[in-house]
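What you are looking at is a predicted structure, and each value in this text was computed from that prediction instead of being measured.
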Amino acid sequence: MFSTKRTILQSDNNLFRRLRAASAAMLWIFFTTVFATCSFAVAAEVPSDNPRIQGDNIRIEFDNHLRSRVVACFDKKEAVLGPFTSSETVTTADKLWTGFLLTSQKHERTKDTFGRGERLTVEGKSGTLTKRVSVTVYDDFPAMAFFDVQYTNTGTSEIAIKSWTNNAYTMNAQRGADAPAFWSYQSGSYEKRPNWVLPLYTNFRQENYQGMNASDYGGGTPIIDVWRRDVGMAVGHVEPRPKLVSLPVSMPDAANAKIAVRFTKAISLSPGESFHTFRTFVDVHHGDYFRALADYRRFMMKQGFQMTTPPNNAFGAIWCAWGYGRSVQPKQVYDSLPTAKRLGFVWVTLDDGWQNNVGDWALDPKKFPHGDADMKALVDRIHQEGFKAQLWWSPLSAVPDSQLLRDHPDYELLNRDGSRRKISWWNSYYLCPAEQRVVEYHKALARKILVDWGFDGLKLDGQHMNGVPACYNPAHHHAHPEDSVEGLPDFFRAIYEAAQSVKPGALVEFCPCGTTFSFFTMPHFNMSVASDPSSSFQVRSKAKTLKALMGDNIPFFGDHVELSDGGNDFASTVGVGGVVGTQFVLPSLVTKHGKSDLTSAREKEFEKWLRIYRDKMLPKGQYLGQLYDIGFDAPETHAIRKDKTIYYAFFAKQWKGSVELRGLEDRNYSVVDYVTGKSLGMVSGHNAHLPIEFSGNLLVEVQPQ
């Protein structure tokens with residue numbers, strides 16, 4: 001019996017080698033036929049009986065061991081993105097299960113809550129483990145393929161699975177491409193707060209674990225992307241809750257990049273028992289990662305993820321008192337209001353320093369000796385000057401000596417060993433977002449801030465808000481320790497709904513301090529922010545990311561201009577359609593001086609940029625993120641459409657040469673540098689190229705004639 005099976009397997013392997021050799025020969029023929037169509041290439045590349053599924057822009061091909069590869073199809077051309085790989089695998093203590101001999105395949109037309117589409121189901125066997133992979137390409141998502149993977153134990157002994165991996169692909173560099181061969185969007189959250197968008201280099205690796213990567217840094221959006229100059233590929237999951245997956249990206253050598261979705265958890269599979277991985281996907285696209293993130297958002301909207309509606313005043317310029325630091329005094333705020341009003345700011349934010357401690361959130365008696373009456377008087381004065389008032393607040397944290405933790409130690413999130421979980425910045429501890437009493441405590445605080453004190457908005461702040469660790473506090477009676485992880489979005493939904501219930505139209509800004517934002521909390525705030533950018537590039541790349549994930553309706557705050565290159569780069573916020581803001585201080589009100597001082601020269605710059613910002617109001621335009629590749633196009637370019645006018649923003653250290661004005665209609669346009677008012681001539685939208693020279697940035701308005 002065993003000998004017979006071995007003979008059959010050897011025969012199958014020999015056949016596979018012959019088919020692979022034939023496939024390689026046909027692949028060479030394909031590369032010599034530059035304008036081959038997708039339909040022709042399917043017949044030419046691989047034997048017709050090999051499993052494959054085709055959408056308008058993507059094709060997934062399997063070999064007879066259920067290895068797969070991805071083919072991108074655009075403009076009647078195709079790009080084979082890499083070789084066949086063991087894309088869906090599991091690991092046990094002593095084995096990596098890779099090759100599953102194909103036993104069946106089925107094609108069908110399907111319809112479900114996500115729409116109509118094509119579905120391919122393949123099944124394969126490796127020893128006592130059977131794998132079934134269903135791949136669906138929906139008509140409404142022609143560049144995405146969704147994977148449902150199931151493993152079944154067909155043996156007589158238990159199989160102890162340690163981890164599973166889906167959509168593990170190798171992406172080949174373009175032949176003859178200059179370095180960098182790849183750019184990438186990375187979605188992990190790290191204490192060093194690296195760029196979300198970056199070029200890859202040989203030996204690069206980032207795990208992008210969606211759990212905690214430091215004591216208080218974690219969470220993210222479960223999608224990563226790698227792209228070449230011609231085409232890109234993203235993978236991720238579309239589960240409706242945060243999951244503790246990794247999305248590793250690596251570049252092991254100059255010719256290849258690797259991506260995958262990986263989940264590590266012990267799973268005991270009894271005889272006859274099956275388990276499913278999370279639902280994952282692969283997406284292909286032209287240009288940079290913007291399209292992939294927008295595709296992901298559109299699909300998640302089918303699962304009920306709808307972004308909020310901001311108030312009209314959410315687009316007003318913001319002055320924040322953080323320049324005065326935690327030692328800020330009410331008098332400093334009072335005395336700064338006339339200058340903020342003269343410059344045209346709309347919002348005044350009272351930042352960290354108003355409270356007695358983190359956790360109790362009572363007023364500091366030294367600053368507000370009459371308690372609530374003093375705070376209400378400050379808010380009333382802000383309103384009298386014509387501003388809206390916003391208050392900084394850091395939910396989910398409490399210092400060790402807070403009255404809250406003395407009275408309610410059972411509110412704490414506890415590690416597996418029973419220890420408290422540290423939040424570094426405020427030397428505090430995590431509270432558990434899945435504990436209902438914690439939720440109710442925070443809802444009451446939101447109501448007090450907005451009703452009793454009269455504020456118009458909340459600034460929710462802290463890197464710890466983006467993700468939380470698993471909670472092992474027995475007092476919470478969690479069904480699973482991961483309840484805290486999956487319950488975090490519900491916590492912020494409760495705060496947002498409480499705020500809107502007592503003050504409809506309240507502004508809720510969410511600032512997760514350098515982390516990569518969790519998509520799962522995005523429906524529960526109505527202003528995103530560049531979140532402590534370390535450079536102007538971070539301002540711009542975060543804007544592109546958040547506009548892809550949240551759409552154009554949610555205002556993006558470029559954060560305090562003092563955090564940009566040189567501490568004065570308004571152009572990076574204005575050019576990407578962001579809300580402008582500052583933490584300026586009046587030099588006469590401080591003893592230590594720095595880049596936040598509002599000198600006379602800086603005040604003139606502020607007046608100029610705030611006027612430009614109000615006149616153009618680009619946050620209310622449509623950000624055209626698909627027109628330019630933030631990695632490969634030079635100079636770096638962003639475009640925003642308002643009615644028939646398109647505003648282009650160019651960025652480079654130095655630039656002299658021609659630029660292409662994409663997205664125009666076939667008509668004539670006038671071009672004006674809208675910062676200086678200088679005319680740059682006329683262009684034809686049919687083939688619009690403009691010779692320019694600049695240092696740092698150039699912002700132009702292109703109007704139809």
Side-chain angles (χ1 to χ4, degrees), residues 93 160-163 188-192 207-220 241-246 262-268 355-362 393-445 460-495 512-513 515 518 520-521:
I161 292 173
K162 296 174 62 178
S163 67
S189 296
Y190 296 93
E191 195 168 11
K192 291 185 177 180
E207 193 67 14
N208 293 302
Y209 178 49
Q210 300 291 285
M212 304 307 293
N213 294 305
S215 181
D216 50 352
Y217 282 80
R241 291 283 188 177
K243 300 295 182 182
L244 299 178
V245 300
S246 294
R262 183 168 299 133
F263 183 66
T264 301
K265 187 175 183 179
I267 301 171
S268 296
Q355 71 279 10
N356 67 330
N357 65 46
V358 170
D360 293 335
W361 302 110
W393 178 31
S394 181
L396 279 183
S397 55
V399 292
D401 61 349
S402 62
Q403 189 65 43
L404 179 72
L405 291 189
R406 287 197 295 270
D407 293 344
H408 302 285
D410 51 346
Y411 284 11
E412 292 175 326
L413 184 151
L414 298 182
N415 296 316
R416 186 191 297 269
D417 62 3
S419 62
R420 297 165 161 180
R421 187 66 173 226
K422 185 79 173 290
I423 296 173
S424 59
W425 182 256
W426 294 281
N427 192 29
S428 58
Y429 295 125
Y430 269 104
L431 304 177
C432 179
E435 168 55 46
Q436 189 58 35
R437 292 171 298 171
V438 173
V439 175
E440 294 302 323
Y441 175 71
H442 285 81
K443 288 167 61 177
L445 282 171
L460 306 182
D461 185 70
Q463 71 278 352
H464 65 287
M465 301 192 307
N466 204 53
V468 301
C471 179
Y472 295 86
N473 192 328
H476 300 170
H477 305 291
H478 297 313
H480 306 282
E482 293 80 15
D483 285 355
S484 57
V485 177
E486 298 192 12
L488 185 62
D490 293 335
F491 172 84
F492 285 109
R493 178 177 62 190
I495 291 178
C513 296
T515 56
S518 168
F520 304 99
T521 61

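- Put simply, OG on Ser394 and CD on Gln355 are 9.0 Å apart, with the number rounded to the nearest 0.5 Å.
- Listed by chain and number, the residues in a side-chain contact (heavy atoms from CB on, under 4.5 Å) with Asp417 are Asn415, Ser419 (sequence neighbours excluded).
- For Tyr429, the ring-ring contact (aromatic ring centres under 6.0 Å, His included) criterion is met by no residue, not counting sequence neighbours.
- For residues 463-486, the pairs satisfying salt bridge (charged side-chain N to carboxylate O under 4.0 Å, His left out) are Lys243-Glu486, with sequence neighbours left out.
- In this structure, Leu414 CG and Arg420 CZ are separated by 8.5 Å, a value rounded to the nearest 0.5 Å.
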Between Leu404 and Leu431, is the side-chain contact (heavy atoms from CB on, under 4.5 Å) condition met? List the steps. CA-CA 10 Å; Leu404 179 72; Leu431 304 177; 3.9 Å; yes
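- Judged as a side-chain hydrogen bond (donor to acceptor under 3.5 Å, both in side chains), and not counting sequence neighbours, the contacts of Gln403 are Arg406, Asp407.
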Could you check His408 against Tyr441 for side-chain contact (heavy atoms from CB on, under 4.5 Å), going step by step and ending with a plain yes or no? CA-CA 11 Å; His408 302 285; Tyr441 175 71; over 6 Å; no
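- Phe263 meets the ring-ring contact (aromatic ring centres under 6.0 Å, His included) test with Trp164, Phe278; sequence neighbours excluded.
- Interatomic distance, Cys432 SG to Glu412 CD, rounded to the nearest 0.5 Å: 11.0 Å.
- Taking the side-chain hydrogen bond (donor to acceptor under 3.5 Å, both in side chains) definition, one finds that Trp361 meets it with nothing, sequence neighbours left out.
- Atoms OG and CG, from Ser424 and Asp216 in turn, are 3.5 Å apart once rounded to the nearest 0.5 Å.
- Evaluation of the ring-ring contact (aromatic ring centres under 6.0 Å, His included) rule for His476 yields His478 as partners, not counting sequence neighbours.
- Summarising the geometry, atom CG belonging to Asp490 is positioned 11.5 Å from atom OG1 belonging to Thr521; distances are rounded to the nearest 0.5 Å.
- Gly219 approaches Ser189 most closely through the heavy-atom pair O-OG, 2.8 Å.
- Residues passing the side-chain hydrogen bond (donor to acceptor under 3.5 Å, both in side chains) test with Lys422 are Asn427, sequence neighbours excluded.
- Listed by chain and residue number, Glu191, Tyr217 satisfy the side-chain contact (heavy atoms from CB on, under 4.5 Å) test with Ala214 (two or more places apart in sequence, or in another chain).
- With sequence neighbours excluded, no residue satisfies side-chain hydrogen bond (donor to acceptor under 3.5 Å, both in side chains) with Asn213.
- Gln210 places a side-chain N or O within donor-acceptor distance of the main-chain N or O of Asn208, the cut-off being under 3.5 Å.
- Around atom CH2 of Trp426, more than 12 heavy atoms belonging to other residues, nucleotides or ligands sit under 6.0 Å away.
- Applying the ring-ring contact (aromatic ring centres under 6.0 Å, His included) test to Phe492 and every residue at least two apart in sequence or in another chain returns Phe510.
- Taking each heavy atom of Cys513 and Asp461 in turn, the nearest pair found is SG-OD1, 3.4 Å.
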Show, in sequence, the C-alpha distance, side-chain angles and deciding distance for Trp393 and Leu460, and conclude whether the side-chain contact (heavy atoms from CB on, under 4.5 Å) test is met. CA-CA 5 Å; Trp393 178 31; Leu460 306 182; 3.6 Å; yes
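- For Val468, the side-chain contact (heavy atoms from CB on, under 4.5 Å) test picks out Leu396, Leu413, Tyr430, Pro433, Ser484, Leu488, with sequence neighbours left out.
- Listed for the Asn473 side chain is a donor-acceptor partner under 3.5 Å among the backbone atoms of Ala475.
- Taking the six-membered ring where the residue is Trp, His442 and Phe491 present perpendicular rings, their angle passing 60° and hence far from 30°.
- Under 4.0 Å is where a charged nitrogen must lie from a carboxylate oxygen, and between Glu440 and Arg437 no such pair does.
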Go through the steps to decide whether Ile423 and Gln463 satisfy the test side-chain contact (heavy atoms from CB on, under 4.5 Å), and finish with yes or no. CA-CA 9 Å; Ile423 296 173; Gln463 71 278 352; 4.2 Å; yes
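- One N or O on the side chain of Asn466 and one on the backbone of Ser518 form a donor-acceptor pair closer than 3.5 Å.
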